[in-house]
2 protein chains.
Amino acid sequence: MKNPIADLNKIFDSRIRLGVMSILVVNDEIGFNDLKQMLELTDGNLASHLNTLEQAEFIKVHKGFIGRKTSTTYSITALGKQAFKAHLDALEKMIRKL
Amino acid sequence: MKNPIADLNKIFDSRIRLGVMSILVVNDEIGFNDLKQMLELTDGNLASHLNTLEQAEFIKVHKGFIGRKTSTTYSITALGKQAFKAHLDALEKMIRKL
DNA sequence: AAAAGTGCTTTGTTTTTCAAAGTTAACCAA
DNA sequence: TTGGTTAACTTTGAAAAACAAAGCACTTTT
């Protein structure tokens with residue numbers, strides 16, 4: 001029998017990164033503070049997970065302004081979409097051996 | 001908006017414990033070495049994850065014999081089945097906001 | 001008697017997670 | 001202009017988790 005967990009992506013072992021991605025799949029763009037509130041995280045914790053996702057090129061950062069206030073938003077990349085889908089497929093395959 | 005990751009079970013953050021449970025859902029009983037080979041783990045690593053699942057009362061251990069050789073097998077408990085299902089439901093709800 | 005297998009436990013290292021505090025830069029109010 | 005606030009981090013350090021390797025008790029096989 002084949003190892004059922006081998007195709008899971010290590011980056012998505014984290015519930016937080018999983019949550020970020022699941023939000024980004026349905027939101028074209030989302031702000032730092034929105035994510036922080038949705039996932040109930042501290043600044044540092046969120047920032048570091050976002051950094052991990054950015055390093056992997058699964059998300060992209062947009063630094064801009066709302067009026068003249070700084071505003072950072074995040075969006076998913078094509079690679080991110082693909083990796084996330086692959087992970088969900090692997091999860092599903094693992095479970096639906098039923 | 002509600003925190004989408006709040007309902008995920010921390011015990012199932014681990015890919016290995018996720019793998020064990022997904023195997024136990026479809027196999028009434030499975031041996032230590034079978035699990036070890038399927039998941040490609042060292043003895044110690046598998047044993048400690050099994051221990052975590054046992055502490056949570058998500059799995060049950062059966063110590064017995066095959067012929068005269070010792071043989072330890074594991075099975076899922078009702079609580080384990082329920083918790084695993086709840087986790088999968090939470091995962092699905094998180095993703096299918098689509 | 002020696003080697004090998006089963007199922008652990010122990011030990012110790014590495015990795016990951018996280019909160020808290022500090023930081024930089026821009027805004028606004030008095 | 002001084003002081004307070006918000007945004008978005010970075011740094012620090014501690015705690016937790018993951019893991020491999022080795023040891024162990026017991027038994028079977030050679």
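Labels below follow one simple rule: chain letters A, B, ... track the order of the sequence lines, proteins then strands, and each chain is numbered from 1. All values below were derived from every heavy atom in this structure, side-chain atoms included, with hydrogens, water molecules and symmetry-related copies excluded.
Nucleotides of DNA chain D nearest to B/S14 and A/L50 differ in position, and the one nearer the 5' end is that of A/L50. Between A/T42 and B/T73, the residue whose closest nucleotide on DNA chain C is further toward the 5' end is B/T73. Between B/D43 and A/I16, the residue whose closest nucleotide on DNA chain C is further toward the 5' end is B/D43.
Nearest nucleotide to the A/N33 side chain, out of D/dA8, D/dA18, C/dT17: D/dA8. Here the side chain of A/T72 is nearest to one of D/dC9, C/dG7, C/dT17, namely D/dC9. In the set C/dT17, C/dG7, D/dA8, C/dT17 carries the atom at the smallest distance from any side-chain atom of A/R17.
Between A/K63 and the phosphate of D/dC9, there is a side-chain N or O to OP1/OP2 separation shorter than 4.0 Å. In this structure, B/H49 does not reach the D/dA17 phosphate: none of its side-chain N or O atoms is under 4.0 Å from OP1 or OP2. Side-chain nitrogen and oxygen atoms of B/Y74 include at least one within less than 4.0 Å of the OP1 or OP2 phosphate oxygen of C/dC8.
Per the geometry, CG belonging to A/L53 stands 17 Å off P belonging to D/dA8, to the nearest Å. Whole-Å rounding puts the A/I5 CD1 to D/dA18 P distance at 12 Å. Counting to the nearest Å, the P atom of C/dT17 and the CD atom of A/E40 are 19 Å from each other. Taking atom CG of B/L39 as the reference point, atom P of D/dA20 lies 12 Å away to the nearest angstrom. One can place CG of B/D34 at 13 Å from C1' of C/dG7, the figure rounded to the nearest angstrom. The CD atom of B/E54 sits 12 Å away from the C1' atom of C/dC8 (whole-angstrom rounding). Atom-to-atom, CG of B/L41 to C1' of D/dC19 comes out at 10 Å; the value is rounded to the nearest Å. Between the P atom of D/dA8 and the CD atom of A/Q37 lies a distance of 11 Å, rounded to the nearest Å.
Nucleic acid contact class of B/N51 (heavy atoms, under 4.0 Å, all strands): none. A/D13 comes within contact range of no nucleotide atom at all, as no heavy-atom separation falls under 4.0 Å. A/R15 comes within contact range of no nucleotide atom at all, as no heavy-atom separation falls under 4.0 Å. Looking at heavy-atom distances under 4.0 Å, B/S71 makes contact with sugar-phosphate atoms alone, never a base.
Other residues, nucleotides and ligands contribute only 12 or fewer heavy atoms inside 6.0 Å of the CD atom of B/E57.
Between A/H62 and A/E29 there is a side-chain heavy-atom pair separated by less than 4.5 Å.
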Item to check | Candidate pair A/L18 and B/L91, rule side-chain contact (heavy atoms from CB on, under 4.5 Å), full reasoning | outcome: CA-CA 9 Å; A/L18 212 56; B/L91 254 186; 3.8 Å; yes
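Residues B/M21 and B/I59 approach most closely at SD-CG2, 4.0 Å, considering heavy atoms. The shortest non-hydrogen separation linking B/I11 to B/L53 is CG2-CD2, 3.8 Å.
For B/F58 and B/F84, the ring centers sit 6.0 Å or farther from each other.
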